[in-house]
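Convention: sequence-line order gives letters A, B, ...; per-chain numbering from 1.
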There are 2 protein chains.
Amino acid sequence: MSEQIRPSLRAEPARPSPTLEDLARAAGVSRSTASRAINGGSRVSPEAQAAVDDAVIALGYTPNRAARSLVTRRTSSIALVINEPDARVMMDPFFAAVITGVTEALRETDMQLVLLMSRAGGDPSRTVRYLRGGHVDGAIVVSHHKADGWTEELAASGLPTVFIGRPWDTALGIHYVDVDSFQGARLAALHLAAAGRTRLGTVTGPLDMTAAADRLAGWQAGLREAGLPQGPVAHGDFTAAGGTAAADLLLAQDGRLDGIFAASDLMARGAILAVQSSGRAVPGDVAVVGFDDHLPAPGELPLTTINQPMVEIAAEAGRLLLADIEDPGAGRDPVIYPARLVVRASSTPQAD
Amino acid sequence: MSEQIRPSLRAEPARPSPTLEDLARAAGVSRSTASRAINGGSRVSPEAQAAVDDAVIALGYTPNRAARSLVTRRTSSIALVINEPDARVMMDPFFAAVITGVTEALRETDMQLVLLMSRAGGDPSRTVRYLRGGHVDGAIVVSHHKADGWTEELAASGLPTVFIGRPWDTALGIHYVDVDSFQGARLAALHLAAAGRTRLGTVTGPLDMTAAADRLAGWQAGLREAGLPQGPVAHGDFTAAGGTAAADLLLAQDGRLDGIFAASDLMARGAILAVQSSGRAVPGDVAVVGFDDHLPAPGELPLTTINQPMVEIAAEAGRLLLADIEDPGAGRDPVIYPARLVVRASSTPQAD
DNA sequence: ATTGGACATGGGAGCGCTCTCACGAGCATG
DNA sequence: CATGCTCGTGAGAGCGCTCCCATGTCCAAT
């Protein structure tokens, strides 16, 4: 009775989608039963269930998410908070891996991923307000900096949250997934030492990030362990250009440097460039080790690096978040993935 | 009953956030007036407005999006549909640019970006169902393939939609933003011809995408215009490895090939590799032209390419979508950005 | 035969918001 | 002075859903 004498094929731009009420009527049951059937169907007779299932298909019924949210207080969406000022960081394969991993974890769920470029929008508090406003069921925070300030606020808000990369203040009991940066960097030092390199320098990431700080500490520990002097340290920003600039500084401090560990692959690429344009060869004169194990661009010198399984780490963060949303009380231990040394040509003339 | 005797400092995990009712009471006005004041405040006295504004700050009020959605039938979110099977395509700088651009367009809005990896989830129809289900106010579709099938369905659903890249069936009146692929490819051909190259081949993208088809057509038109033979054509898949394989084919077909146009930068990089490993030099023996104008990785041979302003294109798609959501009826012309030739070292020994 | 539990069902309230409508106050118009 | 407005306001309905609770039905246990 809702269809008019309407000659056009699709003149109705917004045919109101069927409601649960409609569905129930079509299935010959009550709204309550229809609702139960839709949601897993406990306490529903097989006949009623079948009738509802058929009606769902016949009507093309989709539950109205807003209405459902309103009463359940759940939104079926989680936020991926990318905490960098410039949206251009998206170019970093790191974030691609994160998105890939999180998407993977959400695949079988009906959860949706909301992308939140927290600092790109200008107002950082807007992000917190959004997160606290109950618009999402949980959040994954990536690329956390020391001075962000809202870590505490977020932890206090009670919103299920998982960090990718250890947050600064672990006392808050925030859940996180990380790679063992310390051990990874230590392995890099030991590897270079084992390869007979003795004058070693490092290019760090921004030290307001735990990953960068841990890698520096691990590196220094490795050098100590190998009985080598600490050597020069220069600070980069996880970009290739920053790696080049930092490596230039390193080379200026020690003209006979024979090994460099950079805290990311991108910076290692930049460092190789710096070495080469100083007239020295990689790995002949200077061995270079990175951290990440991104897929190399075609034709690039294969890079010795510390592998971190970012896609898997992000997926685990996703799973952890889902679990935390299901069962908020539970304390969950951080998940730390081991870092593996992958030896390639940039540190050993004979390798691959 | 779920809370144990827990001495923790912030024991209330979910203090119910204030409702409009609370806000109205605090401001000493009615719920209606509070609502009006929140939403732009027409027909609200300055005093009432001020009282509400104060109360908002005092209570930290955030409107409940679900409740609002339920009545307004708007969700304040749009979907970015990435229509590729493998989530790993995220590694392509192309998508990074798209996300950057769309985010930019949404910056001043309270719209949120929902990421939809349409084919990665396995079930493609799930995406359509989600989109038709009224969960978002609009959609931006990127990386559209000929056989997707749901273009029509989407167009018929009445959901405001903007494609990035021309859809196959423009008769449906779908809005889109694109770069002038035809002209860009034509420019590439003319450039190579002007540089004195005469034995030219091309590496195409997947021809079930309009961008790839248009570039092939433009390339062929350019050759015709320059009075050159059509030369060999090999098909790539917009990846570097695909570019290498396709270029190998090209070189096998014509051992004296002296110029290659690849329909993307990534494929051009792959093609350069193929040329070099065949023992010939770029640009000395073979000039290579790409399409995209991505930022080059450090140390790479500067690539002559066709610039397409992807960030801007994506931002325009975002703006177009917002406009279409505001005012659904309006027919909007496609926006086509010009493609610019950027000459660098890969095609001219003396350049940059 | 009587009780009682397990189970399937439907009625109704209510989540937090917007929006229509009616109302009174204030003002200019006839 | 009556009439028609514009304007600010509040009451109330209702968006589509879930969930609590009351009701009805059937079968095992007494």
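Using bins of under 30°, 30° to 60° and over 60° for the plane-to-plane angle, the ring pair Phe163(A)/His144(A) lands in the perpendicular bin.
For the atom pair CE (Met111(B)) and OG (Ser77(B)), the distance works out to 7.5 Å, reported to the nearest 0.5 Å. Remark: Asp137(A) CG to Gln112(A) CD distance equals 11.5 Å, nearest 0.5 Å. Remark: Glu153(A) CD to Leu131(A) CG distance equals 10.0 Å, nearest 0.5 Å. Note that the OG1 atom of Thr127(A) and the CZ atom of Arg132(A) stand 13.5 Å from one another [nearest 0.5 Å]. Note that the CG atom of Asn83(B) and the CG atom of Asp148(B) stand 4.0 Å from one another [nearest 0.5 Å]. Atom OG1 of residue Thr33(B) and atom CG of residue Leu20(B) lie 10.0 Å apart, to the nearest 0.5 angstrom.
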Would you tabulate the pairs of protein nitrogen or oxygen atoms and nucleotide nitrogen or oxygen atoms of nucleotides 24-26 of chain D closer than 3.5 angstrom?
none

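Over its length, the helix from dA1(C)-dT30(D) to dG30(C)-dC1(D) turns its helix axis by 50°, as judged from the five terminal pairs at each end, rounded to 10°.
Applying the salt bridge (Lys or Arg N to Asp or Glu O under 4.0 Å) rule to Arg166(B) yields the partners Asp214(B); only residues at least two apart in sequence or on another chain are considered. Residues meeting the salt bridge (Lys or Arg N to Asp or Glu O under 4.0 Å) test with Arg73(B), sequence neighbours left out: none. Shown here are the salt bridge (Lys or Arg N to Asp or Glu O under 4.0 Å) partners of Arg25(B), two or more places apart in sequence or in another chain: Asp22(B). Every residue was checked against the salt bridge (Lys or Arg N to Asp or Glu O under 4.0 Å) condition with Arg68(A), not counting sequence neighbours, and none meets it. Listed by chain and residue number, Arg319(A), Tyr337(A) satisfy the side-chain hydrogen bond (donor to acceptor under 3.5 Å, both in side chains) test with Glu312(A) (two or more places apart in sequence, or in another chain).
At a non-hydrogen distance threshold of 4.0 Å, Asn64(B), Ala67(B), Arg68(B), Leu70(B), Val71(B), Thr72(B) from residues 64-73 of chain B come into contact with DNA chain C.
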Show every donor-acceptor pair shorter than 3.5 Å between a side-chain atom in residues 322-334 of chain B and any protein atom, with sequence neighbours excluded, or say none if there are none.
{"from": "Arg332(B)", "atom 1": "NH2", "to": "Ala323(B)", "atom 2": "O", "distance (Å)": "3.4"}
{"from": "Arg332(B)", "atom 1": "NH2", "to": "Asp327(B)", "atom 2": "O", "distance (Å)": "2.7"}

N/O donor-acceptor pairs under 3.5 Å from side chains in residues 45-58 of chain A, not counting sequence neighbours:
{"from": "Ser45(A)", "atom 1": "OG", "to": "Ala48(A)", "atom 2": "N", "distance (Å)": "3.2"}
{"from": "Gln49(A)", "atom 1": "NE2", "to": "Ala37(A)", "atom 2": "O", "distance (Å)": "3.2"}
{"from": "Gln49(A)", "atom 1": "NE2", "to": "Asp53(A)", "atom 2": "OD1", "distance (Å)": "3.2"}

Reading nucleotides 5-13 of chain D from 5' to 3' and marking B where a protein heavy atom lies under 4.0 Å of the base, S where only the sugar-phosphate is that close, and - otherwise, the string is --SSBBBBB
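A nucleotide of DNA chain C counts as in contact with chain B when one of its atoms lies under 4.0 Å from a heavy atom; the first and last such, 5' to 3', are dG16(C) to dC19(C).
By the 4.5 Å heavy-atom criterion applied to side chains, Leu113(A) and Val114(B) are not counted as neighbours.
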